[in-house]
Colleague: 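Following this message is one structure expressed as C-alpha cells.
Here the structure is a predicted model, which means the values were calculated and not measured.
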Amino acid sequence: QVQLVESGGGLVQPGGSLRLSCVASLSIFSILDMGWYRQAPGKQRELVAAITRGGSTSYADSVKGRFTISRDNTKNTVYLQMNSLRPEDTAVYYCHANFALARTDYWGQGTQVTVSS
C-alpha cells in the first residue's frame, strides 16, 4: 500500500530555517507529481509548493523566494526547504502525491511547523 511519511517539523524562531522531508513507499515515485500543502487552524488547506515528475516547480506567492521544493528520485523523497520563516507560516504541513494517469492521489499524516519567538 502507498505511504507518505513526513518529518522535519518543529519549533523555530522567526527568520529561521527548517527542512521538511517526505518519503514515499512507491516504486512509481519518479512519475508522480508531488506537493506540499499546509493548513493553519481555522483556515483551509492551501498548496505551498509543487514539483512535477519532470522537475518543474511552482510556489504560492506567500512563500516565493523563501521556500524551495526538490526531489530525489533515488530516495523516493521530496523536500521542502523553508527559509526566512514567519509566524504566519505556522501550520500543519502535508505531503501530497498525485498519480494523474490513474486519477489517484495520496496524503501524508502531516507535520507541525511552528514559527514563534
Side-chain angles (χ1 to χ4, degrees):
Q1 297 296 312
V2 173
Q3 291 185 38
L4 300 176
V5 181
E6 303 103 328
S7 63
L11 174 64
V12 297
Q13 294 186 334
S17 297
L18 205 61
R19 188 179 75 162
L20 306 183
S21 299
C22 173
V23 180
S25 60
L26 290 165
S27 61
I28 58 170
F29 177 80
S30 63
I31 64 171
L32 301 176
D33 296 327
M34 304 295 299
W36 286 97
Y37 289 72
R38 68 185 181 188
Q39 187 166 27
K43 297 183 178 180
Q44 295 194 65
R45 189 171 299 185
E46 65 172 341
L47 177 63
V48 176
I51 184 166
T52 70
R53 57 192 176 276
S56 298
T57 59
S58 60
Y59 301 90
D61 288 340
S62 59
V63 308
K64 194 170 297 182
R66 300 188 297 122
F67 291 10
T68 302
I69 188 171
S70 61
R71 66 193 297 162
D72 185 343
N73 290 342
T74 68
K75 298 180 179 179
N76 286 5
T77 302
V78 63
Y79 305 94
L80 185 66
Q81 178 66 47
M82 304 184 292
N83 299 325
S84 302
L85 283 163
R86 306 165 180 169
E88 51 263 43
D89 295 320
T90 296
V92 177
Y93 284 71
Y94 298 91
C95 182
H96 177 258
N98 179 238
F99 188 8
L101 186 60
R103 301 182 66 181
T104 304
D105 61 349
Y106 309 94
W107 291 95
Q109 291 295 109
T111 184
Q112 177 71 46
V113 172
T114 302
V115 185
S116 176
S117 60

Colleague: Hey, what do you get for CZ (F67) to CG (L20), rounding to the nearest 0.5 Å?
Modeller: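 Answer rounded to 0.5 Å: 8.0 Å.
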Colleague: Any side-chain donor paired with an acceptor under 3.5 Å for S17 and N83?
Modeller: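 There is such a pair between these side chains.
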Colleague: Suppose clustering is done on Ile, Leu, Val, Met, Phe, Trp and Tyr with side-chain heavy atoms closer than 4.5 Å. Which residues sit in the same group as V5?
Modeller: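 Direct or chained contacts put V5 with none.
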Colleague: Decide if atom CD of Q44 counts as having more than 12 heavy atoms of other residues, nucleotides or ligands within a radius under 6.0 Å.
Modeller: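 Incorrect, the count does not exceed 12.
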Colleague: Hydrophobic clustering (ILVMFWY, side-chain heavy atoms < 4.5 Å, transitive) - are V92 and V78 grouped together?
Modeller: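 Not linked; separate clusters.
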Colleague: To the nearest 0.5 Å, what is the distance between CG (L18) and CD (Q81)?
Modeller: 8.0 Å
Colleague: For the atom pair CG (N98) and OG1 (T52), what is the distance rounded to the nearest 0.5 Å?
Modeller: 11.0 Å
Colleague: Can you tell me if R53 uses its side chain to pair, donor with acceptor, with the backbone of F99 under 3.5 Å?
Modeller: no
Colleague: Please determine whether side-chain contact (heavy atoms from CB on, under 4.5 Å) holds for the pair Q112 and T90, giving the CA-CA distance in whole Å, both sets of side-chain angles, and the decisive distance to 0.1 Å.
Modeller: CA-CA 8 Å; Q112 177 71 46; T90 296; 4.0 Å; yes
Colleague: Do M34 and V23 land in one hydrophobic cluster if side-chain heavy atoms of ILVMFWY residues count as linked below 4.5 Å?
Modeller: no
Colleague: Just how far is it from atom OG1 of T57 to atom NZ of K64, taken to the nearest 0.5 Å?
Modeller: 9.5 Å
Colleague: Write down the atom of G35, the atom of I69, and the distance for their closest heavy-atom approach.
Modeller: CA-CD1, 4.3 Å
Colleague: Decide, yes or no, whether a salt bridge links R86 with D89 under the criterion of side-chain N to carboxylate O below 4.0 Å.
Modeller: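 Here R86 does not pair with D89 in a salt bridge, since their nearest N and O are not under 4.0 Å apart.
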Colleague: Minimum heavy-atom separation for S117 to P14, with atom names?
Modeller: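 For S117 versus P14, the nearest heavy atoms are N-CD, 3.7 Å.
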Colleague: Please check if the number of heavy atoms outside Q109 that lie under 6.0 Å from its CD is greater than 12.
Modeller: no
Colleague: Name all pairs fulfilling the ring-ring contact (aromatic ring centres under 6.0 Å, His included) condition that reach into residues 3-59, sequence neighbours left out, sorted by first residue then second.
Modeller: Y37-H96, Y37-W107
Colleague: Starting from the C-alpha separation in whole Å, work towards a yes-or-no answer on side-chain contact (heavy atoms from CB on, under 4.5 Å) for I31 and L101.
Modeller: CA-CA 10 Å; I31 64 171; L101 186 60; over 6 Å; no
Colleague: Go through the structure and list residues passing side chain to side chain donor-acceptor pair (under 3.5 Å) with S70, not counting sequence neighbours.
Modeller: none
Colleague: Is T111 reaching over with its side chain to a backbone N or O of Y93, donor-acceptor style, under 3.5 angstrom?
Modeller: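 No: the side chain of T111 does not pair with the backbone of Y93.
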Colleague: To the nearest 0.5 Å, tell me how far D72 CG sits from S30 OG.
Modeller: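 If we round to the nearest 0.5 Å, D72:CG and S30:OG are 11.5 Å apart.
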Colleague: Under the side-chain contact (heavy atoms from CB on, under 4.5 Å) rule, what do M82 and V12 come out as? Steps first, then yes or no, please.
Modeller: CA-CA 11 Å; M82 304 184 292; V12 297; over 6 Å; no
Colleague: Are the side chains of V63 and R38 in contact, using a 4.5 Å heavy-atom criterion?
Modeller: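 Yes, at least one pair of side-chain atoms sits under 4.5 Å.
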Colleague: Apply side-chain contact (heavy atoms from CB on, under 4.5 Å) to S21 and K75, showing your working.
Modeller: CA-CA 11 Å; S21 299; K75 298 180 179 179; over 6 Å; no
Colleague: Do Y94 and Y79 sit in the same hydrophobic cluster, where Ile, Leu, Val, Met, Phe, Trp and Tyr count as joined when their side-chain heavy atoms come under 4.5 Å apart?
Modeller: no
Colleague: Would a distance-only check, ignoring hydrogens and angles, find a side-chain to backbone donor-acceptor pair under 3.5 Å from E6 to G110?
Modeller: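 Between the backbone of G110 and the side chain of E6 there is a qualifying donor-acceptor contact (under 3.5 Å).
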Colleague: Let me confirm one number: the CD1-CG distance from I51 to D33, rounded to the nearest 0.5 Å.
Modeller: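 Answer rounded to 0.5 Å: 9.5 Å.
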